[in-house]
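Worksheet: one structure, shown below.
Lettering follows sequence order; numbering is per chain, from 1.
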2 protein chains.
Amino acid sequence: MRMTTLSTDEIRIFVLGELLVRKMQKRPTLKDVAAYSQVSIISASRALRGLENVSPELRAKVEAAADALGYSRNPIAGSLRGQSSDLVVVLVPAMTNNVFPAVVDGIYAGLSQTGLGVVLGLTGYGIESEERVLRNMLAWSPAGLVLSGSEHTDDTEAMLAEFDGPIVEVMDIDGETERSQVGLSHLEAGRMMADHFLKCGYRRIGYIGAWGEQPLRSRKRRISFEEELRRNGVELVGRFIHPDPSSVSVGAESFDRLIEEHSDLEAIFFANDDLALGAMSNALDRGLSIPDDMAFAGFNGLDVCDVVRPHLTTIVTPRFEVGCLAGKIIADTFRTGENKGPQQRRELALELRQGGTTRLRNA
Amino acid sequence: MRMTTLSTDEIRIFVLGELLVRKMQKRPTLKDVAAYSQVSIISASRALRGLENVSPELRAKVEAAADALGYSRNPIAGSLRGQSSDLVVVLVPAMTNNVFPAVVDGIYAGLSQTGLGVVLGLTGYGIESEERVLRNMLAWSPAGLVLSGSEHTDDTEAMLAEFDGPIVEVMDIDGETERSQVGLSHLEAGRMMADHFLKCGYRRIGYIGAWGEQPLRSRKRRISFEEELRRNGVELVGRFIHPDPSSVSVGAESFDRLIEEHSDLEAIFFANDDLALGAMSNALDRGLSIPDDMAFAGFNGLDVCDVVRPHLTTIVTPRFEVGCLAGKIIADTFRTGENKGPQQRRELALELRQGGTTRLRNA
DNA sequence: CTGTTAGCGCTTTCAT
DNA sequence: ATGAAAGCGCTAACAG
């Protein structure tokens with residue numbers, strides 16, 4: 001161990017540093033780090049950011065100082081100076097809906113260790129509401145945007161076109177757009193279930209939706225479901241769209257309504273698992289035998305589809321994986337500083353296929 | 001309609017304004033609004049913020065300008081100047097867990113129309129992870145903090161003590177703290193279920209948990225559950241804590257394990273509904289009659305408890321309402337600029353009782 | 001009631 | 001390789 005003689009100046013600064021460490025109420029700034037390590041502020045900045053033109057000694061000194069002072073960068077100041085913040089804005093309809101929680105967890109996973117934070121915006125369904133929330137969020141100069149769905153208002157489209165940074169739309173890949181999309185085709189999902197019903201020999205088929213078909217995605221599934229049936233010579237017997245948001249009880253109630261008019265249905269496709277589970281419970285209460293008297297199918301692939309008797313037929317969606325890939329795309333674009341082209345996106349999309357695919361379960 | 005003669009200067013500014021409206025790539029700043037309305041920047045700021053000392057004419061002029069230019073405040077700049085941002089940091093373990101999505105929706109509801117944004121931090125269970133995430137988030141100088149649970153590391157406690165703004169802990173009110181807490185007593189919940197089991201006449205009782213009892217809240221429930229049983233002369237026959245996170249399948253697997261050793265249990269209390277549902281499904285597969293052969297009880301009060309046969313006994317928790325109240329407390333403190341004392345908090349807490357209470361369902 | 005001055009903490013020029 | 005100066009957009013603090 002080597003003793004060092006400190007100059008008075010160094011001592012002064014050292015003492016200052018110690019004081020800073022001990023009783024500074026406010027968080028240490030770059031200025032403090034610079035003073036402590038006796039370099040200019042900008043040098044401290046460069047060193048801490050790991051830029052090229054910094055001597056190893058200076059870097060070491062600064063890093064030691066930052067460490068000693070417990071310095072952490074103020075992202076707000078950095079964001080003001082630079083063009084964008086370290087925040088990723090994520091816009092989803094709501095959390096209590098069984099699809100977006102997993103997506104959000106996935107986004108986190110995909111974004112992990114990038115230093116990017118997630119600002120969550122709840123749009124409550126409805127693209128006008130989405131527009132309002134987005135306008136608000138844009139004020140944060142986000143580093144990236146994750147939206148749900150591919151239907152937006154014209155004003156939203158304009159804002160997105162103007163936005164300079166990665167944009168990923170999740171859970172719907174049917175829209176016509178130049179933007180990155182990660183998710184599944186709801187048109188395909190609708191067809192998938194129609195084909196399944198037909199293969200099972202069902203001919204008298206019904207449909208139940210909710211919330212006036214807000215999230216537009218459910219409407220896409222219904223439309224393509226109906227079209228695929230029709231293409232095979234089967235006309236949908238009846239449908240009921242409940243005005244309220246999806247839930248188990250709304251499913252049960254909707255079942256009552258639909259059965260009122262069409263008591264002889266062989267199978268019903270639901271906009272999601274919650275509705276289907278509620279209806280199934282109702283049907284069991286009525287003494288119906290499932291699937292012999294009537295078959296039920298939902299959408300999403302919730303775990304609980306496997307705990308009801310009989311198991312609920314559903315379409316599993318790779319929600320976590322979708323979020324994960326979305327996060328990775330944002331992170332990657334952020335890191336490299338440039339938007340990826342379609343080719344690159346396709347490569348990333350391949351990863352997704354390995355993680356999980358949209359598929360039937362309990363069929 | 002009155003024609004006005006514009007001075008050359010006014011024309012110049014007017015034209016500048018028009019240009020700004022039309023082809024400005026960057027978002028208009030306060031400076032642009034000030035130029036457009038021909039007042040000083042600070043006056044524009046004051047007018048827009050609705051401060052007192054502003055003449056109606058000036059205010060009108062500025063508001064018109066802001067409207068014409070499509071101005072919206074840059075919260076980043078404001079945050080840098082002031083001490084805190086307009087962001088509320090919300091720290092929860094994970095979204096895919098059936099309790100926090102509702103809480104987050106509630107927080108949004110409680111925060112609505114305050115202009116406060118929500119930065120979501122996922123701590124993935126474990127208070128060390130929480131500490132790390134919090135340290136990171138604190139860099140955003142949040143306007144408020146919402147944490148889940150009341151157990152924290154010492155360093156977290158230190159950060160919280162230093163934090164100058166409202167802090168609310170949600171979903172657990174058992175901890176010893178000076179901070180605002182909104183949620184439920186897990187000790188009470190455990191007792192509640194023990195009493196219910198005893199009232200039903202069950203004596204050979206088991207318990208199943210998961211994730212090594214991470215979120216500590218589940219452990220509290222178990223402990224008080226066991227204690228209440230013991231207080232009534234009943235000793236817990238057996239328990240199994242699965243190392244993996246809760247899920248339907250983990251519940252089913254844990255059931256296997258517990259039954260291996262104790263096949264003659266009369267009733268099992270689970271750390272949550274997911275585990276219970278999985279186990280119930282398993283038990284049905286084994287040909288057990290529920291609840292005659294064996295009774296099951298979960299925790300949370302998920303909707304799906306009502307769609308399984310027989311309905312799953314559970315404890316309903318007011319998750320949305322808890323989040324809502326937490327949001328309101330933050331919003332209120334933010335608006336008035338001062339932390340409320342315990343008295344005030346108790347008043348706010350009364351609201352909660354009206355919204356929803358922790359109670360037994362399907363008992 | 002309105003404006004001028006200064007500065008939040010950081011980073012992008014532009015020197016040296 | 002290092003530093004000085006300027007300024008991001010906004011708002012307290014002080015004039016007038």
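- Legend: residues meeting salt bridge (Lys or Arg N to Asp or Glu O under 4.0 Å) with A/Glu63, ordered by chain and number and at least two apart, are absent.
- Side-chain atoms of B/Asp105 come within 3.5 Å of backbone atoms of A/Met95 as a donor-acceptor pair (strictly under, hydrogens ignored).
- Atoms OH (A/Tyr71) and P (C/dC10) sit 4 Å apart, rounded to a whole Å.
- Taking atom CG of residue A/Leu30 and atom P of nucleotide C/dG9, one finds them 11 Å apart after rounding to whole Å.
- When the local axes at the two ends of the helix from C/dC1-D/dG16 to C/dT16-D/dA1 are compared, using 5 base pairs at each end, they differ in direction by 40° after rounding to 10°.
- Residue A/Asn53 is in base contact, counting any heavy-atom pair closer than 4.0 Å across all strands shown.
- Distances shown here put every side-chain N or O of A/Ser55 at or beyond 4.0 Å from the OP1 or OP2 atom of D/dA1.
- B/Trp140 places its CH2 atom 15 Å from the P atom of C/dG9, with the value rounded to the nearest Å.
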Using atom names, set out every protein N or O paired with an N or O of nucleotides 3-7 of chain D below 3.5 Å, distance rounded to 0.1 Å.
from: D/dG3; atom 1: OP2; to: A/Ser40; atom 2: N; distance (Å): 3.1
from: D/dG3; atom 1: OP2; to: A/Ser40; atom 2: OG; distance (Å): 3.1
from: D/dG3; atom 1: OP2; to: A/Ser43; atom 2: OG; distance (Å): 2.6
from: D/dG3; atom 1: N7; to: A/Arg46; atom 2: NH2; distance (Å): 2.5
from: D/dG3; atom 1: O6; to: A/Arg46; atom 2: NH1; distance (Å): 3.3
from: D/dG3; atom 1: O6; to: A/Arg46; atom 2: NH2; distance (Å): 3.3
from: D/dG7; atom 1: N2; to: A/Arg81; atom 2: NE; distance (Å): 2.7
from: D/dG7; atom 1: N3; to: A/Arg81; atom 2: NE; distance (Å): 3.4

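- Residues meeting the side-chain contact (heavy atoms from CB on, under 4.5 Å) test with A/Ser72, sequence neighbours left out: A/Arg27.
- Spacing between atom CZ of A/Arg49 and atom P of D/dT2 amounts to 15 Å, rounded to whole angstrom units.
- Taking the salt bridge (Lys or Arg N to Asp or Glu O under 4.0 Å) definition, one finds that B/Glu157 meets it with B/Arg179, sequence neighbours left out.
- The backbone N or O of B/Thr29 lies less than 3.5 Å from a partner atom in the side chain of B/Asp32, making a donor-acceptor pair.
- Side chains of A/Thr153 and A/Glu131: a donor-acceptor N/O pair is present below 3.5 angstrom, by distance only.
- At least one side-chain heavy atom of B/Val119 sits under 4.5 Å from a side-chain heavy atom of B/Met137.
- Atom CG of A/Leu48 and atom P of D/dT2 are 14 Å apart (whole Å).
- With sequence neighbours excluded, no residue satisfies salt bridge (Lys or Arg N to Asp or Glu O under 4.0 Å) with A/Arg49.
- Distance, B/Glu52 CD to C/dT2 C1': 15 Å, rounded to whole Å.
- Rounding to the nearest 0.5 Å places CD of A/Glu151 at 10.0 Å from CD of A/Glu130.
- The distance between atom NZ of B/Lys31 and atom C1' of C/dT4, rounded to the nearest whole Å, is 15 Å.
- A/Asp86 places its CG atom 13 Å from the P atom of C/dC10, with the value rounded to the nearest Å.
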